[in-house]
> 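Handing you this structure, nothing more for now.
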Amino acid sequence: MFKIGDYVVYGTNGVCRIDSIGTLNMGMGDREYYTLTPVYEKKSKLFIPVDNQKIVMRPVLTRQETDKLIDEIQNIDVLCVEDEKKREEVYKEAMRTCDSKQWVRIIKTLYLRKLDRMQHGKKATSSDEKYLHMAQQNLYGEMAFALEIPKEEVEHFIAERMQEKH
C-alpha cells in the first residue's frame with residue numbers, strides 16, 4: 001500500500017501525488033480510496049479504490065532506473081504487429097501495462113512507422129499519432145519527474161545521452 005505524499009504512475013494519467021487515503025463522504029460505504037493529483041494537471045483529482053485491480057498503479061521510476069532505461073533504449077525491440085487490423089489493440093494493450101519499457105517500444109515502433117509512411121508519400125494515421133502522443137506524454141512525464149527537468153527537455157536529454165554512448 002502506498003502512503004500519503006508518495007508519487008505514483010497511475011495508468012495513462014501519468015505521475016500523480018497521493019494527497020489522501022480514506023473513505024469518501026458520498027454514501028459509498030467503507031471502501032478506502034486514494035485521492036491522486038496528476039503532477040502535470042494540477043486542477044484534476046482522481047479517486048482510486050485502494051483495492052483497485054483493473055488499472056496499474058506503481059511507484060515512479062527513480063533517477064537510477066531512468067538512467068538505466070535510457071541506456072537500454074537502443075536494445076528495446078519495437079512492437080511486433082502481425083495483423084494490421086489489430087494494430088490499435090496492440091498499442092492499447094502496451095499502454096495499459098503502465099510499463100515504461102512498453103512506452104519506449106510504442107514510441108520506437110511509431111517513429112519508424114511514421115518514417116516509413118513518409119518515404120512512401122503517406123501521412124501517419126490518426127491512431128498512430130494518438131498513441132505516439134500518449135506514450136510520449138507518459139514516458140517523458142515520468143522521466144522528467146525522475147530527472148528533475150522540464151518535460152519539454154526530456155527528448156533532447158535522451159538524444160544527448162544516446163550520442164554520448166557512441
Side-chain angles (χ1 to χ4, degrees), residues 2 5-19 33-49 52-81 84 86-118 122-163 165:
F2 298 102
D6 284 352
Y7 286 90
V8 296
V9 174
Y10 176 66
T12 57
N13 291 281
V15 179
C16 299
R17 182 178 189 280
I18 298 177
D19 291 332
Y33 288 80
Y34 292 113
T35 301
L36 307 179
T37 301
V39 168
Y40 299 105
E41 243 182 82
K42 300 214 185 299
K43 291 183 180 164
S44 66
K45 293 262 186 233
L46 305 169
F47 303 96
I48 313 306
N52 163 55
Q53 298 294 314
K54 291 182 182 171
I55 299 174
V56 177
M57 186 160 81
R58 63 168 173 77
V60 176
L61 292 177
T62 64
R63 168 98 195 198
Q64 293 76 20
E65 290 167 332
T66 301
D67 286 337
K68 185 174 185 268
L69 179 61
I70 292 170
D71 291 343
E72 294 173 353
I73 285 177
Q74 288 187 307
N75 299 324
I76 295 173
D77 292 329
V78 296
L79 290 170
C80 184
V81 181
E84 277 298 312
K86 294 187 178 169
R87 179 172 291 285
E88 188 169 359
E89 193 54 44
V90 170
Y91 300 156
K92 198 179 290 185
E93 193 51 47
M95 285 302 301
R96 260 192 228 120
T97 64
C98 198
D99 179 341
S100 22
K101 279 188 182 174
Q102 290 297 322
W103 296 337
V104 169
R105 291 181 77 195
I106 292 171
I107 293 166
K108 284 180 75 170
T109 301
L110 292 174
Y111 176 76
L112 294 172
R113 182 169 151 83
K114 187 176 188 174
L115 287 179
D116 183 59
R117 289 182 65 85
M118 285 171 49
K122 297 178 182 175
K123 294 192 317 190
T125 67
S126 60
S127 173
D128 285 1
E129 292 290 339
K130 172 183 159 186
Y131 285 97
L132 177 61
H133 180 74
M134 282 172 59
Q136 287 174 326
Q137 289 301 307
N138 281 276
L139 181 68
Y140 297 170
E142 183 173 15
M143 287 182 159
F145 186 83
L147 298 168
E148 298 177 358
I149 62 174
K151 191 167 24 172
E152 303 77 43
E153 294 178 18
V154 171
E155 196 168 2
H156 181 71
F157 181 90
I158 293 170
E160 280 188 346
R161 276 281 300 280
M162 291 175 79
Q163 281 182 334
K165 296 239 147 283

> Under the side-chain contact (heavy atoms from CB on, under 4.5 Å) test, which residues partner Ser126, sequence neighbours left out?
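With sequence neighbours excluded, Ser126 shows a side-chain contact (heavy atoms from CB on, under 4.5 Å) to no residue whatsoever.
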> Side chains of Val56 and Thr97: closer than 4.5 Å at any heavy-atom pair?
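Sidechains of Thr97 and Val56: no contact.
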> Taking the side chain as C-beta and beyond, is there a heavy-atom pair between Leu36 and Asn13 under 4.5 Å?
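No - every pair of side-chain heavy atoms lies 4.5 Å or more apart.
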> Measure the spacing between CD1 of Ile18 and CG of Asp6 and express it to the nearest 0.5 Å.
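Nearest 0.5 Å value for the CD1-CG distance: 5.0 Å.
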> For Pro49, give me all partners under side-chain contact (heavy atoms from CB on, under 4.5 Å), at least two apart in sequence or on another chain.
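Testing Pro49 for side-chain contact (heavy atoms from CB on, under 4.5 Å), a comparison that skips the adjacent residues, returns Arg31, Tyr33, Asp51, Asn52.
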> From Leu46 CG over to Tyr10 OH, what is the distance, rounded to the nearest 0.5 angstrom?
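Going from CG on Leu46 over to OH on Tyr10, the span is 7.0 Å.
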> Can you name the residues that form a side chain to side chain donor-acceptor pair (under 3.5 Å) with Glu41, not counting sequence neighbours?
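Once residues adjacent in sequence are excluded, Glu41 has no partner under the side chain to side chain donor-acceptor pair (under 3.5 Å) criterion.
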> Find the distance between CD1 (Ile73) and CD1 (Ile107) and round it off to the nearest 0.5 Å.
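CD1 of Ile107 is found 8.0 Å from CD1 of Ile73.
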> Please report the shortest heavy-atom distance between Cys16 and Pro38, naming the atom on each side.
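Distance-wise, the nearest heavy atoms are SG-CA, 3.8 Å.
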> Applying salt bridge (charged side-chain N to carboxylate O under 4.0 Å, His left out), name anything that partners Lys92, two or more places apart in sequence or on another chain.
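By the salt bridge (charged side-chain N to carboxylate O under 4.0 Å, His left out) rule, Lys92 matches no residue at all.
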> Rounded at 0.5 Å granularity, tell me how far CE in Met134 sits from CG in Leu110.
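Interatomic distance, Met134 CE to Leu110 CG, rounded to 0.5 Å: 11.0 Å.
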> With sequence neighbours left out, which residue pairs that include part of residues 98-108 fulfil the salt bridge (Lys or Arg N to Asp or Glu O under 4.0 Å) condition?
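Matches after skipping sequence neighbours: Glu72-Lys101.
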> Give the table of side-chain donor-acceptor pairs shorter than 3.5 Å for residues 145-156, with sequence neighbours excluded, one pair per line with atom names and distance.
unit_1, atom_1, unit_2, atom_2, d
Lys151, NZ, Gln137, OE1, 2.9
His156, NE2, Glu160, OE2, 2.8

> Say whether, by atom type as modelled, one donor and one acceptor occur between the side chain of Tyr40 and the main chain of Gly141 under 3.5 angstrom.
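Side chain of Tyr40 to backbone of Gly141: a pair is present.
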> Measuring from Met162:CE to Asp71:CG, what's the distance to the nearest 0.5 Å?
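Answer for the CE-CG pair, Met162 versus Asp71, is 9.5 Å.
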> Between Leu61 and Val9, is any pair of side-chain heavy atoms under 4.5 Å apart?
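A side-chain contact is absent here, since even the closest heavy-atom pair is not under 4.5 Å.
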> Distance from Ile106 atom CD1 to Leu139 atom CG, nearest 0.5 Å?
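Rounded to the nearest 0.5 Å, the CD1-CG separation comes to 10.0 Å.
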> Passes salt bridge (Lys or Arg N to Asp or Glu O under 4.0 Å), Glu129 versus Lys123? Steps please.
CA-CA 10 Å; Glu129 292 290 339; Lys123 294 192 317 190; over 6 Å; no
> Could you report the tightest heavy-atom contact between Ala124 and Lys114, atom names first, then the distance?
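Closest approach of Ala124 to Lys114: CB-CG, 4.1 Å.
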> Going by side chain to side chain donor-acceptor pair (under 3.5 Å), name the residues that satisfy it together with Thr35, two or more places apart in sequence or in a different chain.
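Thr35 satisfies side chain to side chain donor-acceptor pair (under 3.5 Å) with Ser20 only.
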> Between the main-chain N or O of Phe2 and the side-chain N or O of Tyr34, is there a donor-acceptor pair closer than 3.5 Å?
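Such a contact is found between Tyr34 side chain and Phe2 backbone.
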> Can you list every pair that meets ring-ring contact (aromatic ring centres under 6.0 Å, His included) and has a residue in residues 89-110, with sequence neighbours left out?
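Pairs touching residues 89-110 that pass the test: Tyr91-Tyr131.
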> Under the side-chain contact (heavy atoms from CB on, under 4.5 Å) test, which residues partner Thr125, sequence neighbours left out?
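Thr125 satisfies side-chain contact (heavy atoms from CB on, under 4.5 Å) with Arg113, Arg117, Ser127, Asp128 once adjacent residues are dropped.
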> Taking salt bridge (charged side-chain N to carboxylate O under 4.0 Å, His left out) as the test, write out the residues that go with Glu65, two or more places apart.
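With sequence neighbours excluded, Glu65 shows a salt bridge (charged side-chain N to carboxylate O under 4.0 Å, His left out) to no residue whatsoever.
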> Write out all pairs satisfying salt bridge (Lys or Arg N to Asp or Glu O under 4.0 Å) with one or both partners inside residues 52-64, taking only residues at least two apart or from two chains.
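Only Arg58-Glu142, Arg63-Asp67 qualify under salt bridge (Lys or Arg N to Asp or Glu O under 4.0 Å).
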> Not counting sequence neighbours, which residues clear salt bridge (charged side-chain N to carboxylate O under 4.0 Å, His left out) with Lys45? List them please.
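Lys45 satisfies salt bridge (charged side-chain N to carboxylate O under 4.0 Å, His left out) with Asp19 once adjacent residues are dropped.
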> Do you know which two heavy atoms are closest between Leu79 and Ala94, and how far apart they sit?
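Looks like CD1-CB, 4.3 Å.
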